[in-house]
Asks: 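Let me give you the structure first, and then I'll get to my questions.
Below, all heavy atoms of this structure are taken into account, side chains as well, without hydrogens, waters or symmetry copies.
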Amino acid sequence: MGWNFFTIFIVLLFHHSNANANSKQSCNFFEGSWIEDETYPLYDSTQCPFIEHEFNCQRNGRPDQDYLKYRWQPHGCSLQRFDGGALLEKLKGKSIMFVGDSLSRNQWQSLVCLLYTSLPNTKYNATRVGDVSLFTFLDFELDVMLDRSVYLVDVVREEKGRVLKLDSIEGGKLWKGIDMLIFNTWHWWNRRGTTQPWDYIEIGGQYYKDMDRVVAFERALFTWAKWIDTNINPAKTIAFFQGISPSHYNGTDWNQPGVKTCLGQMQPISGSTYPGGLPPALRVLKKVLYTIEKQVTLLDVTNLCLLRKDGHPSIYGLSGMDCSHWCLAGVPDIWNEILYNFIVTT
């Protein structure tokens, strides 16, 4: 049906050798800057009824709209503009699954909106079973799914309490046979107190009350990497990792000392470099990706997101101050525009 996953895998092998495809691309999609473009956003959020309250900044009363009018411009080339109709045709009969936390939900809802608003009269079905949300474009037999798996590895209730099992990934049974997988984890690794959904960490049969969270993150990623090498058939499935989506709670990082939130930020940082540098979690992620024998393409969105201190809901989200998630329409649409470019250039 116009979609040869083995061919795509071979081309992605050229485009992206594990985490460092960019060195082999004629154009690095992830190095660039934000430029004003009055033809953006890629859709009107009022025309997509599926955006959850926490991401729907315009409906929640955000007064400014300049943050919607930016396009990501890579150095040395331009991204093809997202074409939802073309992508629906190319993905006909296929399945896509986002696996991760609420940043995965951010990207999943973005893709649903991008596709739906391109053909708003197309038939669809939206359901949820357990932790899996499913949006089916019936006319194209396309399933776009979200599996809420915030650590990728398992959290299991045992007699002693809730256990985060860094060596176990039984939840991966849901990912088998999917045509395209987009993974993500990091957002939950530093949670403590009442928002921490586990009581113990288990490694190699030993239980711990706590440990260095970056070390735990790395161990879990190696477990996930082993699952990829054991279970992914590149002729059937292509895999991506969303990358590390950053937060903006410290203005010192963008040369505004004294600023403690993203509230009132209405423009991206100019240029291509974030003053505060890249988060350590990104180095850990790239280290693990280099060890994988099968292909996983990194959607290396960290730097382009760091530049978008203006793109968060702040007080126009679910509750409190949210400088971690992203407004829709907004930055996650660009993640999907880059994903689109990986697909259509193969």
Asks: Is the closest side-chain donor-acceptor distance between Arg148 and Ser102 under 3.5 Å?
Replies: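 Checked: Arg148/Ser102 side chains show no N/O donor-acceptor pair below 3.5 Å.
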Asks: If we ignore angles and hydrogens, is there a donor and acceptor under 3.5 Å between the side chains of Asp333 and Ser110?
Replies: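 A pair is found: one side chain offers a donor N or O, the other an acceptor, under 3.5 Å apart.
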Asks: Kindly say whether Tyr43 contributes a backbone atom to a donor-acceptor pair with the side chain of Thr117 at under 3.5 angstrom?
Replies: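 Here the side-chain-to-backbone pair does not exist.
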Asks: Do any N or O atoms from the side chain of Arg128 and from the backbone of Gly130 form a donor-acceptor pair under 3.5 angstrom?
Replies: yes
Asks: Salt bridge check, Arg105 against Glu52: does any charged N sit closer than 4.0 Å to a carboxylate O?
Replies: yes
Asks: Less than 3.5 Å apart, any donor N or O on the side chain of Thr185 or Trp189 sitting next to an acceptor on the other?
Replies: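 Present: a donor and an acceptor within the cut-off.
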Asks: Whether the Asp147 and Ser149 side chains hold a donor-acceptor pair (N or O, under 3.5 Å, no angle test) is what I'd like checked.
Replies: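 No donor-acceptor contact under 3.5 Å links the two side chains.
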Asks: Without hydrogens or angle criteria, can the side chains of His53 and Asn56 be said to hold a donor-acceptor pair below 3.5 Å?
Replies: no
Asks: What orientation do Phe135 and Phe50 show, parallel under 30°, tilted 30 to 60°, or perpendicular over 60°?
Replies: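 If you compare the ring of Phe135 with that of Phe50, the planes turn out perpendicular.
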Asks: Check whether the side chains of Ser272 and Glu31 place a donor and an acceptor atom closer than 3.5 Å, and report yes or no.
Replies: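 Glu31 and Ser272 do not have a side-chain donor-acceptor pair below 3.5 Å.
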Asks: Using 30° and 60° as the class boundaries, would you call the ring planes of Trp254 and Tyr274 parallel, tilted or perpendicular?
Replies: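 Correct class here is tilted.
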Asks: Ignoring hydrogens and geometry, is there a side-chain-to-backbone donor-acceptor pair from Glu202 to Tyr208 under 3.5 Å?
Replies: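 Judged by distance alone, no pair lies under 3.5 Å.
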Asks: I would like to know whether Trp175 and Phe183 meet ring pair (Phe, Tyr, Trp, His ring centres under 6.0 Å); could you show each step before the answer?
Replies: CA-CA 10 Å; Trp175 315 335; Phe183 294 97; 5.2 Å; yes
Asks: For residues Glu337 and Tyr40, is any side-chain donor paired with an opposing acceptor at under 3.5 Å?
Replies: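 Glu337 vs Tyr40: donor-acceptor pair found between side chains.
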Asks: Verify the cluster assignment for Ile269 and Ile35: are they in a single hydrophobic cluster under the rule of side-chain heavy atoms below 4.5 Å apart?
Replies: no
Asks: So with a 6.0 Å cut-off around NZ of Lys69, is the heavy-atom count from everything else above 12?
Replies: yes
Asks: Under the 3.5 angstrom rule, does the side chain of Asp167 hit a backbone N or O of Gly204 as a donor-acceptor pair?
Replies: yes
Asks: Looking only at the aromatic ring of each residue, does the gap between the centers of Phe342 and Phe29 stay below 6.0 angstrom?
Replies: yes
Asks: Less than 3.5 Å apart, any donor N or O on the side chain of Gln107 or Asn336 sitting next to an acceptor on the other?
Replies: yes
Asks: Verify whether one side chain among Ser168 and Asp154 offers a donor that lies under 3.5 Å from an acceptor in the other.
Replies: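 Their side chains do contain a donor-acceptor pair, which is all the 3.5 Å distance test asks for.
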Asks: Got a donor-acceptor contact below 3.5 angstrom from the Tyr249 side chain to the Met321 backbone?
Replies: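 Side chain of Tyr249 to backbone of Met321, a donor-acceptor pair under 3.5 Å: yes, one is there.
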Asks: Flag this pair as yes if the NZ/CZ of Lys123 is under 6.0 angstrom from the six-membered ring centre of Phe137 and inside a 45 degree cone about the axis; otherwise no.
Replies: no
Asks: Are there over 12 heavy-atom neighbours, none belonging to Arg157, within less than 6.0 Å of that residue's CZ?
Replies: no
Asks: State whether the side chain of Trp34 and the backbone N or O of Leu304 hold a donor-acceptor pair below 3.5 Å, judged by distance alone.
Replies: yes
Asks: Let me know which of Trp108, Phe55, Trp326 forms a side chain to side chain contact (heavy atoms under 4.5 Å, CB included) with Pro332.
Replies: Trp326
Asks: Using modelled atom types and a 3.5 Å cut-off, is there a donor and acceptor pairing between side-chain atoms of Asn231 and backbone atoms of Ile228?
Replies: no
Asks: If you count heavy atoms of other groups shown closer than 6.0 angstrom to CD of Glu158, is the number above 12?
Replies: yes
Asks: If you count every heavy atom of other residues, nucleotides or ligands that lies below 6.0 Å from Met266 atom CE, does the total exceed 12?
Replies: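 No, the 6.0 Å shell around CE holds no more than 12 heavy atoms from other groups.
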Asks: For Ala86, is there any backbone N or O sitting under 3.5 Å from a side-chain donor or acceptor partner on Asp83?
Replies: yes
Asks: Do Trp224 and Phe241 have their ring centres less than 6.0 Å from each other?
Replies: yes
Asks: Indicate yes or no for a side-chain donor-acceptor contact from Thr237 to the backbone of Met180 under 3.5 Å, with no hydrogens or angles considered.
Replies: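 Looks like no, no N/O pair under 3.5 Å.
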Asks: Answer yes or no: are there more than 12 heavy-atom neighbours, outside Glu170 itself, under 6.0 Å from its atom CD?
Replies: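 Incorrect, the count does not exceed 12.
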Asks: Among Leu152, Val153, Val288, which residue satisfies the side chain to side chain contact (heavy atoms under 4.5 Å, CB included) criterion with Thr223?
Replies: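 Of all the options given, the one that passes is Val153.
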Asks: Hey, does the side chain of Arg71 reach the backbone of Ile334 with a donor-acceptor pair shorter than 3.5 angstrom?
Replies: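 Not a single qualifying donor-acceptor pair exists.
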Asks: Do His248 and His312 have their ring centres less than 6.0 Å from each other?
Replies: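 They qualify: ring centres under 6.0 Å apart.
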